[in-house]
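Proteins get letters first, then strands, A, B, ... in listed order; numbering begins at 1 in each.
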2 protein chains.
Amino acid sequence: MRRLPTVSDVAEAAGVSRQTVSNVLNTPEIVRAETTERVRAAIERLGYRPHASARRLRTRRSSTIGVRLDPGADGMSGSLLDRFLHALVERADADGLRVLLYTAVDEDAEIATFERLLDGADVDALVLTSTHYGDRRIPWLVEHDVRFVTFGRPWGEHDTTDRSHRWVDVDGRVGVRAATASLLEQGHRRIAFLGWPEGSGTGDDRRAGWREAMLAAGVPDADMTALDLGVEEDPLDLGIGGRAVAAVAPRPDAVVCASDSLALGARLALGPDVPVVGYDDTPVARALGFPSVAQPLDEVAAAVLELLASDEGDHHRLLAPRLVRR
Amino acid sequence: MRRLPTVSDVAEAAGVSRQTVSNVLNTPEIVRAETTERVRAAIERLGYRPHASARRLRTRRSSTIGVRLDPGADGMSGSLLDRFLHALVERADADGLRVLLYTAVDEDAEIATFERLLDGADVDALVLTSTHYGDRRIPWLVEHDVRFVTFGRPWGEHDTTDRSHRWVDVDGRVGVRAATASLLEQGHRRIAFLGWPEGSGTGDDRRAGWREAMLAAGVPDADMTALDLGVEEDPLDLGIGGRAVAAVAPRPDAVVCASDSLALGARLALGPDVPVVGYDDTPVARALGFPSVAQPLDEVAAAVLELLASDEGDHHRLLAPRLVRR
DNA sequence: CACAGAAGTTTGATCGATCAAATCACCGAG
DNA sequence: CTCGGTGATTTGATCGATCAAACTTCTGTG
């Protein structure tokens, strides 16, 4: 295999020095236009590409961000991470950033992986997904002065002026509130909520949205049924959620769900006549034609990269989801 | 931030030279046991980690494999890539390999990306998914002497003695044959097949499996209905497949499908009384409780890495899927 | 016309590891 | 007792880029 051209080769070809070539690439504003032109031409002619590892060694920056591929991607919404990843990789690419994957069985293993990745200059920033109460990863990262952004807000008491933890999240409460409101507008009153038991940040947030909309519409407490599908039960066994919904008497006018999996269960149990709204707008929702709250993953990805890149401005972003009507 | 220890630091601490430390790490068999011990202790004590970029610069190897994140992951089975990726990352990690993601809008863009990734020593091998007829990427990679393995066999005329293209695939024909046979055993005769139009490698392969099983059981041609859902039609609009199935008269005893999406469509159109078998064993199949042919993604990932690593032995692997009965 | 200061470019050193070749230690054969 | 040979370890050079500082060229001012 032919040897690849280096900065020195380009320099010689353009009749300048190594450093000038480097400057053309990294700080073009300090190079005379005419010189830049000549160097650019030489780069083009030789087909030069900077050697990423050499640059990293010297700059101590890898231009690579690490993203965890969750082990327990909970099935159906697994494609959510997929879509997010895709958006992230695409945007990152445009910024000259690479995305490296890693996995870890538990938090301790994940922290050990952080060390490995960071020390080896494999990555210089991390993107974490699925944050939860008492997440030990966050303090570790802050402590070790690692640059990171989470997709998911810090649940629990949180000081919004805390600039050490940057995060991006989607306002599930607003999304579910809109979904509920849309059902109310259609004249439904006894709208049940199918979700997860209290204690999960996202779950509670979504239930709160439903409650808000119901209260605002003046629906009496007696007509508000919230069903919680235990997490210890296989979240994929939609039969459970479905049976739970079917057991509600009298039968609800409509059901708002904390996920499309749950919505599918409800739909199967109640048939197509009872309107159902899901969450995440997965292919299943599209396929079955029920409405769903869609997270703006492109925007999330963009926001994550923005927060990662700049030290200025806000340190968190709460994005609005979009209700996909069908 | 404290400076990280380097080989030199370890060498000094252990009272040996840089190179000896390097040898302990890379070629321990040429170092005296006692010395190895001492160096190991020093590494432990200082918490030394090799600097990945420095090593890559020198060895010209990155220990990183590139994987494309498909843009048009067709929805439901998107989670398939997800699961494959997960298995791959996990196994790769055990072998000290990293997985880097990339995307590309079309084949030309993808080839341009190859050049970027390879020249910069970002990756030294590639894993390609979703191969198709006349895939231009393959000849390019062979031509440029790039190490790669595809998940997906080369469709079209192919010389199995060709050692330049290594691939791993799952034998869909066998899987669908088994699925069909299992329905036949249960006494069903008029088993329809719901798939994609001829021309897609995987689709044709799966249909062939169904036909084989039907022929073997002596089912007359008149009772064999193959329905093809046009790819130009939104593959997610399961209604189309469902309507097609529902239109078959007389109503089939059971339906074998080329994917779980199609199976969901059939299930919704025919109700739970007509047995349906899907493909890919996605969460939807698990949720609705219909059987599905599962690809052994763990094995696929392991095989991909094996083929990448060794020059010996076979250059392709055709794995058997597993029918998940429910 | 000399000279300070800015602008543009070049030179030498360095990042952390491994390669290639040299050196050192030790053993048994002649 | 010397010498060849193997095994273990060390030394010097190098991978390709950027940093820091030195140097050269230009520009405008007194």
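B/Leu141 is not listed as a side-chain neighbour of B/His144, based on a closest heavy-atom distance of 4.5 Å or more. Within the 4.5 Å cutoff, the side chain of A/Arg38 has heavy atoms near those of the A/Val16 side chain.
Side-chain nitrogen and oxygen atoms of B/Thr35 include at least one within less than 4.0 Å of the OP1 or OP2 phosphate oxygen of D/dT9. One finds a side-chain N or O of A/Ser17 lying less than 4.0 angstrom from the OP1 or OP2 phosphate oxygen of C/dT10. For A/Asn23 and C/dT9, the shortest distance from a side-chain N or O to OP1 or OP2 is not below 4.0 Å. Side-chain N/O atoms of B/Thr59 include none lying less than 4.0 angstrom from OP1 or OP2 on C/dT18. For A/Thr20, a side-chain nitrogen or oxygen approaches OP1 or OP2 of C/dT10 to under 4.0 Å. In this structure, B/Arg32 reaches the D/dT9 phosphate: one of its side-chain N or O atoms is under 4.0 Å from OP1 or OP2.
Ring orientation note: the planes of B/Trp140 and B/Phe114 are tilted relative to one another, at an angle of 30° to 60°.
Closest to the side chain of A/Arg58, out of C/dG16, D/dA17, C/dT10, is D/dA17. In the set D/dT18, C/dT18, D/dT10, the nucleotide with an atom closest to the side chain of A/Arg55 is D/dT18. Taking only side-chain atoms of A/Thr6, from C-beta outward, the nucleotide of C/dT10, D/dG16, C/dA17 with the closest atom is D/dG16.
Atom CD of B/Glu34 and atom P of C/dA25 are 15 Å apart (whole Å). The distance between atom CG of B/Leu25 and atom C1' of C/dT18, rounded to the nearest whole Å, is 11 Å. Protein atom CZ of B/Arg56 is 15 Å distant from nucleotide atom P of C/dC19, rounded to whole Å. Distance CG (A/Leu57) to C1' (C/dT18): 12 Å, rounded to an integer number of Å. When the C1' atom of D/dT18 is taken as reference, atom OH of A/Tyr48 falls 11 Å away, rounded to whole Å. Distance, A/Leu4 CG to D/dA17 C1': 14 Å, rounded to whole Å. For the pair B/Ile30 CD1 and C/dC19 C1', the interatomic distance rounds to 12 Å; values are reported in whole Å. Rounding to whole angstrom units, CG of residue B/Asn26 and P of D/dT9 are separated by 15 Å.
Side chain to side chain, A/His51 and A/Thr6 fail the donor-acceptor criterion of an N or O pair below 3.5 Å.
The environment of A/Glu110 atom CD is dense: over 12 non-hydrogen atoms of other residues, nucleotides or ligands sit within 6.0 angstrom.
Annotation: of the two residues near DNA chain D, B/Glu29 and A/Pro50, the 5′-most nearest-nucleotide partner is B/Glu29. Residue-to-nucleotide proximity on DNA chain D shows that, of B/Ala54 and A/Gln19, the 5′-proximal contact is made by B/Ala54.
Contact of B/Arg18 with D/dG12 (side chain to base): a donor-acceptor pair of N or O atoms is detected under 3.5 Å. A donor-acceptor contact under 3.5 Å is not formed by the side chain of A/Arg49 with the base of D/dG16.
With respect to B/Arg98 and A/Asp122, a salt bridge is recorded, a charged nitrogen being found less than 4.0 Å from a carboxylate O.
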